[in-house]
Undergrad: 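Can you read through this structure? Questions will come right after.
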Amino acid sequence: MPFCVLVVADDLDTRATLSALLERDGYQVDSVGTAAEVLARDDWGRYGAILLDCRLPDGTAEELLPRLRERAPDTAVVVVTEHADVRGAIEAFRLGAADYALKPIDPDELRARLGRIVEHRRAREALQHREEELQAVLDALPVGVWLTDAEGQIEYGNPAARAIWGRASHAEVDGGEGPKEWRSGTDRPDTPDGRALARALRGEPVLGEVVDIEVAGATRKLVLTSAVPLRADDGGVRGAVVINQDLTERRRAEAAFRESERRFRELLEKVKLVAVMLDAEGRVAFCNDYLLQLTGWGREEVERKSWFTLFIPEEVRAEVQRIFFDPALREQIPTQFENEILTRTGERRLIAWNNTVLRDSEGGVIGVTSLGEDITKRRRAEEGLRESEARLVAILNTASEAIITVDNRGIIQTVNPAAAALFDYTAGEMIGQKLRMLMPPTFRDDHDEDLAQFLDNRQARIIGTDREMAARRKDGTVFPIGLAVSPINHLGQFTVIIRDLTQRKELEREVLEVASREQRRIGQDIHDTVGQELTALNILARDLADTLPTDPTAAANLAERLTRGLRRSQQQLRVVIRGLLPVPVDRDGLMAALADLADRTSQDSPVACAFHCPEPVSVADNLTATHLYLIAQEAVHNAVKHARPRHIRITLTNGNGLVLRVRDDGVGLPSPPEEGRGLGLRIMDNRAAIIGARLTVEPASSAGTVVTCELTRTSKI
């Protein structure tokens, strides 16, 4: 805290000059101009010094000093006057001034005077602080401390000393031979052995003498006494310090402890739990055979040894010792506590303790008895279960499908993030509500009926089956879902797995539309080509039948025309069938179909398309081969239509699995990628999923796009 100075002067210039000077030196300065303003202040504790003008408009320094001494006894007052006046200076010092200064004030001289005041105040505060600390230490000491003068008269006794001697307040000395008697508050003489004090007053230190005394009320005590002389500057004895420690309760506690130990030993020797007793110093006073068997130590290696050093792991030893030895915590040693202990080989065993604090007759802690159960295996099993649960939670939280658990009343218990996102609720909004909140009103009654049927062991329409139905989001939107409900028998709950079928339904609808359009196209092609050709051939056949009996030459011409028409119909029909069955039904059909796709693409478009297959690839399953071909066809079609490439390369390789790759050098994928995926890409994804393949669409390393379909090796390849 800054040193504060109050400047008292009626002259404004003087106050301003002094304030500026002191503030530059780091002081905090207040200033007033009259005695009334000085006496009106009530914050004297913040001022270390007062610069007081000798004469003020409403009083003088001599009049003001006595009142300042009353109000600010710890504040140094420097009287400032214009004339050197020895008599006035003496009077000012008599009235309590700390110093005297002449006007005009010399800054260096003022700094020196205030410096002395500051140092004196700091020294006084430090001394006072040390005295308070010493007094606090003496008051807190559990041993008695007496100070006597050279005659043995008591000058000070701390609370512990007065308690030991029945609140004795003084001692009388008999002829210099030592204390004759100590007198208590009842004025009854108490007569301890005073030889220790007498010897100390003669200059001889005495350490650790045990005295059996009788104090007020005929109470007998055992007191451990030490006494040392206090020396004066000339080396003579000016008094003594006597230190007393009451051993009475300790001896009683030790006896009680030994009796308790005996009973405890008899009671717990054969208990199949860890049994241990610690004394007040944390040493093992007793342990049963089970502890020795568990840890591998011998009894002689454990008893009377520090429990903390032998059994507590080093990283927690200090904390456990603090609980045991800290007086503030020792009174509250936990009744139940778990911690690891070390075996002789360094193995750790987790023990669940039940603790009982041992106390003496006055309530002081003299030890601890503990019974402990080895829960190492159980805790490891619990930790394994928690880890398993944590892994399960992590799986549920990262699962892409919505997963909900409900109880046997249909109340939602848990919700994974995918479920909350799917229905646009928070988990808190869903948990505790019925599962029917996620269903449109038309499905709610059916769901409740299904759950009731399952609980009655009757056939249910939802439980244990996969079912497609409608669900309802928070905003009221209804969308298709796949619902699977499975019981968790040991918990009486159900797991509900929900899949959003919106995209699949849209794809199915689009595929059906494409199939319908393709069916109409094929029908139209057959009608426009094969159908019309067959109509014409039917007419030629009738003409041939009519002409054959009458004009054989004309009939031959008609037969030739009929043959050519049939051949054209066959070719047209082959073209239509190629669209329906693009891959020949044989092991090498996929290579032939892809080669034909490359040739037709080069002929029908300005793009150079090539097929590359380093070694023969056989696909036994024609359905798999057909889907692979259609994926390649869709990729080539998309590249020609959208990418504006110059070259397209189709490759087919067979290593650990079959890899079909279509690469173009066109404009590449849009950047940023468009939201969603087009119908062509979704159809390719669906075809890959049908045959268990993995489809990726990525930018090529230089330019263009690469479509890759990877099929792991199975019996189909």
Side-chain angles (χ1 to χ4, degrees), residues 140-144 159-160 163-164 210 212 219-224 244-295 297-313 316-342 349-375:
L141 280 177
V143 298
I164 291 173
V210 177
D212 187 354
T219 302
R220 302 198 65 80
K221 291 184 178 182
L222 285 177
V223 178
L224 182 66
N244 302 138
Q245 185 175 2
D246 188 353
L247 303 181
T248 309
E249 291 304 323
R250 176 183 291 185
R251 296 293 173 86
R252 291 175 184 170
E254 289 174 353
F257 186 79
R258 286 192 295 271
E259 176 63 17
S260 176
E261 178 184 2
R262 184 187 64 79
R263 295 178 181 178
F264 189 71
R265 189 185 299 271
E266 291 177 356
L267 180 65
L268 300 178
E269 186 62 49
K270 296 183 179 181
V271 172
K272 297 305 179 182
L273 296 171
V274 176
V276 65
M277 178 187 293
L278 305 182
D279 64 16
E281 305 301 323
R283 294 186 297 261
V284 178
F286 165 79
C287 67
N288 65 347
D289 291 339
Y290 185 78
L291 173 66
L292 302 177
Q293 295 168 7
L294 183 67
T295 61
W297 290 99
R299 185 173 299 280
E300 68 283 356
E301 297 173 304
V302 171
E303 290 188 343
R304 312 311 301 172
K305 303 297 191 304
S306 169
W307 169 263
F308 308 104
T309 302
L310 279 181
F311 294 102
I312 302 302
V316 297
R317 186 176 300 157
E319 178 61 21
V320 177
Q321 285 180 309
R322 188 176 71 86
I323 294 173
F324 188 85
F325 289 112
D326 188 327
L329 301 176
R330 195 173 187 177
E331 296 294 329
Q332 302 174 357
I333 292 177
T335 303
Q336 295 181 328
F337 187 70
E338 292 182 6
N339 70 286
E340 291 182 324
I341 65 172
L342 298 173
R349 309 296 298 184
L350 182 63
I351 308 298
W353 297 103
N354 283 280
N355 302 313
T356 301
V357 178
L358 299 176
R359 301 179 183 275
D360 58 26
S361 59
E362 295 184 357
V365 176
I366 60 173
V368 175
T369 62
S370 300
L371 282 177
E373 178 186 2
D374 183 6
I375 60 172

Undergrad: Check R283 against R304 and note the closest heavy-atom contact, atom names and distance.
TA: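 Heavy atoms of R283 and R304 come nearest at CD-O, 3.5 Å.
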
Undergrad: Which pair of non-hydrogen atoms, one from K305 and one from E300, has the smallest distance, and what is that distance?
TA: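 Scanning both residues, the minimum pair turns out to be NZ-O, 3.4 Å.
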
Undergrad: With side chain to side chain donor-acceptor pair (under 3.5 Å) as the test, pick out the partner of S370 among N355, N354, T356.
TA: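 Among N355, N354, T356, the one meeting side chain to side chain donor-acceptor pair (under 3.5 Å) with S370 is N355.
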
Undergrad: So F324 and L278, do their side chains get closer than 4.5 Å, heavy atoms only?
TA: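 Touching, per the 4.5 Å side-chain cut-off.
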
Undergrad: Considering non-hydrogen atoms only, spot the tightest contact between E340 and P313 and give its length.
TA: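 Looking at all heavy atoms of both residues, the closest pair is O-CD, 3.3 Å.
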
Undergrad: Taking all non-hydrogen atoms of both residues into account, name the closest pair between L310 and V302 and its distance.
TA: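 Of all heavy-atom pairs spanning L310 and V302, the closest is CD1-CA, 4.0 Å.
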
Undergrad: Does I341 reach the side chain of L291, with side-chain heavy atoms less than 4.5 Å apart?
TA: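 When only atoms from C-beta onward are counted, L291 and I341 do touch, with a gap below 4.5 Å.
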
Undergrad: Is V320 close to W307 at the side-chain level, that is, under 4.5 Å between some pair of heavy atoms?
TA: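 The answer is no; the side chains never approach within 4.5 Å.
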
Undergrad: When you measure from the side chain of T248 to the backbone N and O of L222, does any donor-acceptor pair fall under 3.5 Å?
TA: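 At least one qualifying donor-acceptor pair exists.
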
Undergrad: Any chance you could measure F311, atom CZ, to R349, atom CZ, to the nearest 0.5 Å?
TA: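 Here the interatomic distance stands at 14.0 Å.
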
Undergrad: Looking only at heavy atoms, which two atoms of L273 and G372 are closest? And how far apart?
TA: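 Smallest interatomic distance, heavy atoms only, reads CB-O, 3.5 Å.
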
Undergrad: To the nearest 0.5 angstrom, please state how far the CG atom of L292 sits from the CD atom of E301.
TA: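 If I round to the nearest 0.5 Å, the distance is 9.5 Å.
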
Undergrad: Taking the side chain from N288 and the backbone from A275, do they hold a donor-acceptor pair closer than 3.5 Å?
TA: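 Pair found, side chain donor or acceptor close to backbone of A275.
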
Undergrad: Roughly how far apart are L371 CG and M277 CE, rounded to 0.5 Å?
TA: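 With rounding to 0.5 Å, CG (L371) is 10.0 Å from CE (M277).
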
Undergrad: Do L294 and I351 have side chains that approach each other closer than 4.5 Å (heavy atoms only, starting at C-beta)?
TA: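 In contact.
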
Undergrad: Could you check if a side-chain atom of V274 sits within less than 4.5 angstrom of a side-chain atom of D374, using non-hydrogen atoms only?
TA: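 Contact flag for V274/D374 side chains = no.
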
Undergrad: Does the side chain of R299 reach to within under 4.5 Å of the side chain of D289, using non-hydrogen atoms?
TA: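 Yes - at least one pair of side-chain heavy atoms lies under 4.5 Å apart.
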
Undergrad: To the closest 0.5 Å, what do you measure between CD1 (I375) and CH2 (W353)?
TA: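 Here the interatomic distance stands at 11.0 Å.
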
Undergrad: Could you pull out the closest heavy-atom pair between V210 and L224, with the gap in Å?
TA: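 Answer, listing the atom of V210 first, then L224: CG2-CD1, 3.6 Å.
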
Undergrad: Measuring from T309:OG1 to Q321:CD, what's the distance to the nearest 0.5 Å?
TA: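 Those atoms lie 6.5 Å apart.
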
Undergrad: Is E319 reaching over with its side chain to a backbone N or O of V316, donor-acceptor style, under 3.5 angstrom?
TA: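 Checking the backbone N and O of V316 against the side chain of E319, no donor-acceptor pair under 3.5 Å is found.
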
Undergrad: Given side chains that start at C-beta, do those of I312 and R317 come closer than 4.5 Å, heavy atoms only?
TA: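 Answer yes - side chains close enough.
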
